There are 4 protein chains.
Amino acid sequence: MTKQSKSLPDAGRRNEASRKAILTAAFDLVGEVGFAKLSIEAIAARAGVGKQTIYRWWPSKGTVLFDAFLMLSEDHASGDPALPDTGDIEADLKTVLRATVDELNDARYDEPLRALNTEIVHDPELAAAYAERLHEPMRRIKRDRLRRAQEAGQLDADTDLDLAVELLWSPLLNRWLQRTGPLTAEYADRVVEAALHGLRPRTEAASHTRTGQAAGKPSRG
Amino acid sequence: MTKQSKSLPDAGRRNEASRKAILTAAFDLVGEVGFAKLSIEAIAARAGVGKQTIYRWWPSKGTVLFDAFLMLSEDHASGDPALPDTGDIEADLKTVLRATVDELNDARYDEPLRALNTEIVHDPELAAAYAERLHEPMRRIKRDRLRRAQEAGQLDADTDLDLAVELLWSPLLNRWLQRTGPLTAEYADRVVEAALHGLRPRTEAASHTRTGQAAGKPSRG
Amino acid sequence: MTKQSKSLPDAGRRNEASRKAILTAAFDLVGEVGFAKLSIEAIAARAGVGKQTIYRWWPSKGTVLFDAFLMLSEDHASGDPALPDTGDIEADLKTVLRATVDELNDARYDEPLRALNTEIVHDPELAAAYAERLHEPMRRIKRDRLRRAQEAGQLDADTDLDLAVELLWSPLLNRWLQRTGPLTAEYADRVVEAALHGLRPRTEAASHTRTGQAAGKPSRG
Amino acid sequence: MTKQSKSLPDAGRRNEASRKAILTAAFDLVGEVGFAKLSIEAIAARAGVGKQTIYRWWPSKGTVLFDAFLMLSEDHASGDPALPDTGDIEADLKTVLRATVDELNDARYDEPLRALNTEIVHDPELAAAYAERLHEPMRRIKRDRLRRAQEAGQLDADTDLDLAVELLWSPLLNRWLQRTGPLTAEYADRVVEAALHGLRPRTEAASHTRTGQAAGKPSRG
DNA sequence: TTCTAACCGAGACGGTACGTCTCGTCTTAAT
DNA sequence: ATTAAGACGAGACGTACCGTCTCGGTTAGAA
């Protein structure tokens, strides 16, 4: 579905200029007309390419779009592969989640991102590719920052870091996808706070000893 | 877009049998062929109805599907509109989230649910209808249970309950939509635990005021 | 394949304006680009019609062209359904065959006629329709004239009139189709003469018992 | 367009095996799928040859097919280049035309022959090549036999022999191409009889100067 | 009870896009 | 330099649906 700079089997006779023109056209068009109205015909026309050249290398318009994102992410992923680390995990997470909010609110990426996300929903194969090539690298970066916080004692030692990542980012992604509420910097802050401190009261007052003292879980921590 | 039992303007001469046949056909077909390949033609044919009868009452296939869900939810929502309350919020949430996991993993609802969710992503108007008619009622039920827990001192008094709902349910919905990991009962449990207790260590409240005395990472800050 | 003014099953909901536009466009286009390069797409575009409207009513572009000819022939067949009859069969046949020559040499009909004739060659079903709707009516007219000549004693009483028609017209059609020689009025005349008088010498001298002395043909007026 | 045994410019570096494979594949394929569905791609694939090798040496699929026929006719034309001559032209012509009927009815040659004939109809250049290389040689053979009959006094001395050939063979070719009637040995016989004896009554030479007295036509010759 | 207006099933219509096929050109690698 | 192989831009194929538009045939209220 994708193509590296060299030595892949399909790299044989492939026209690199056509490939790039197709991915660029696809990304631009999805932003203009949305994924539902995005057509292979239009991509081919915009890219100045025969339709068969698209069908030859991609099985669906979803995979074209995916490769378009891949190209984009490779372009500006060359820089820093790490999250900020000031030593204060809460502040750093707020910074990062606010940046995520800004990105999701960016009009240029809104439609393409929605398109990619909804295609993943319906195409397990594409979802796997997405998980491997785009999602996992970003998750690792996030996990790395959380691990350092954990090692610094700022996060519970037992916490599953993948779960932690999901606890932090899922609310944002869900609000954005489903438009169930405003997606703001304040929201990002409150998500970070809630995720870090938990929903329970922090006072040692055995809050759960009244009304159902059972099921305690006092041992943790 | 929807139809009440009486007195709505569109209730005039409408053929109720056709309406039900259309919604049933739409729901069945989306489970068989997926939303992308669902066509008005096929719905009309399956329902034994003229195409115009669909176009007369619904503006898009997304809204047809939405009404199909509405019909379904009205059918079996007649029962109890409340979450279990044993007095132990953690146990109750685990019960509920496990049920959510089961529902999302139910093959019969998988495709239709995904279809509805992705249509919402692209259609703000539909998203609003969804929020009002389907999402909000369920959120209120969840919020009610959390409020009782809050009043019982099992949840922090400051917590925004809508945020709490999102913190608890978003990770599940995200895993399901994006298939970024297995969606199991254990996962539900751990989400509940993490959300309630937070990611930070509970012992020393000051843990984030001082840094790094443990396990190295001396260089940072 | 064809359509009468009323009461045919397919006449039901059919749009007569579209039908005529399609046939006209097909006839014009085949004259412009030839049958091989004639495309359904182009016919539809020229006629201002959806492609499906063509596929709905005709199984192939050959049948479209056939109906175009039918429309044309119905248009100007309203007049005289008989060949000239001056009492002199030889003179009349020369008149008619010269007219045939002129028609075949008419640039406006050349390509369409060739197209129709070659389609018939490859499509037996179309050939049957052609035989019934276009060829047979003309053959009957020709046969009628020959029959009157036969009754007048100008043609042998034993002669099969269908065979006679073929003997007279086939050479013209063949020259035209295969371009094996010039198609002129003189050629028409000589075909008529040869067909009427035969290739044998007319002298009663048992011409095939001895050789070469004859050279006769004195009787020919 | 064609290829001689030696010394032609295109004979230079040409791969003779490929040429034969192409012509054989073309002939076989046209018999299997018909000319309309015959594609250069398929010929190349069947012949195990690159498409360019075909485009390099032939301008159209019609010319490929033509060369295929040429190859075939050269293969079995090595034998006798003359028509039978028993001294009885009528009997000999019947023999020959019956053979022609058999050939046209041969299923193996039906499609390819039709293909070649219809290509000639639309392609004047190909028609010229056909006339020169295939048609003319056969016409000369026929003409030769007719000339001997003419010299023997069995045919009218004035008769244009080319016209005579056309009078005899055109009806057969036409029936075959247009399927306007059964193509049988009897038909061949009657064509020969009609062409030789003419359509007019042979008895009273003046029959066309007066009209209608007879109706009798007692006996031919 | 008749009239009449809207709804209904059916499906033709002008279109767009599909995914496939073939065209004729061009490029590559291997003789 | 020619070949087999096959990618390429182009564009027609025949199909599937789109959303609109009649067409008769119900089906209800309103007259």
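None of the values given here were measured: they were computed from a predicted structure. Residue numbers start from 1 in every chain, and the chains themselves are labelled A, B, ... in the order their sequence lines are given, proteins ahead of strands.
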task: Please list, by residue number, the residues of residues 111-124 of chain C whose heavy atoms come closer than 4.0 Å to an atom of DNA chain F; answer none if no residue qualifies.
output: none

message: Under 4.0 Å, heavy atom to any atom of DNA chain F: which of residues 20-36 of chain A qualify?
response: none

Nearest-Å distance, [atom1] ([X]) to [atom2] ([N])?
X: C/I54; N: F/dT15; atom1: CD1; atom2: P; value: 13 Å
X: C/N15; N: F/dT22; atom1: CG; atom2: P; value: 11 Å
X: D/K37; N: E/dT20; atom1: NZ; atom2: P; value: 17 Å

task: Please name all residues satisfying ring pair (Phe, Tyr, Trp, His ring centres under 6.0 Å) with B/F35, sequence neighbours left out, ordered by chain then number.
output: none

Residues in contact with DNA chain E, drawn from residues 40-53 of chain D - heavy-atom cutoff 4.0 Å: D/I40, D/E41, D/K51, D/Q52

query: Who pairs with D/N117 by side chain to side chain donor-acceptor pair (under 3.5 Å), at least two apart in sequence or on another chain?
result: C/Q178

message: Using the side chain to side chain donor-acceptor pair (under 3.5 Å) criterion, which residues pair with A/K51? Sequence neighbours excluded.
response: A/E41

message: Please check: side-chain N/O of A/R114 versus main-chain N/O of B/H122, any donor-acceptor pairing under 3.5 Å?
response: no

Backbone N/O of A/L70 and side chain of A/D67: donor-acceptor pair under 3.5 Å: no

query: Hey, is the side chain of D/R56 poking within less than 4.0 Å of OP1 or OP2 on F/dT2, counting only N and O atoms?
result: no

- request: Taking only the side-chain nitrogens and oxygens of B/S18, find out if one of them lies under 4.0 Å from OP1 or OP2 of E/dC7.
  value: no

Those residues that, when tested against A/A47, pass side-chain contact (heavy atoms from CB on, under 4.5 Å) (two or more places apart): A/A21, A/I22, A/A25, A/V49

- prompt: Which residues pass the side-chain contact (heavy atoms from CB on, under 4.5 Å) test with A/I40, sequence neighbours left out?
  reply: A/I54, A/Y55, A/K61

Please enumerate all protein N or O atoms sitting under 3.5 Å from an N or O of nucleotides 24-27 of chain F, with distances to 0.1 Å.
| residue | atom | partner | partner atom | Å |
| --- | --- | --- | --- | --- |
| F/dT27 | O2 | B/R13 | NH2 | 3.3 |

message: Can you identify which nucleotide, out of F/dG19, E/dA12, E/dC18, has its nearest atom closest to the C/W57 side chain?
response: E/dA12

message: Among C/L23, C/L65, C/T53, which residue satisfies the side chain to side chain contact (heavy atoms under 4.5 Å, CB included) criterion with C/W58?
response: C/L23

message: If the condition is salt bridge (Lys or Arg N to Asp or Glu O under 4.0 Å), which residues does D/R56 pass it with, not counting sequence neighbours?
response: none

Salt bridge (Lys or Arg N to Asp or Glu O under 4.0 Å) involving D/R179 - partner list, sequence neighbours excluded: none

- prompt: Would you say the ring centroid of C/F69 lies under 6.0 angstrom from that of C/Y130?
  reply: no

- prompt: Do you know which two heavy atoms are closest between A/A26 and A/L38, and how far apart they sit?
  reply: O-CD1, 4.3 Å

message: Under the salt bridge (charged side-chain N to carboxylate O under 4.0 Å, His left out) definition, can you give me all pairs with a residue in residues 22-38 of chain A, not counting sequence neighbours?
response: A/E32-A/R46

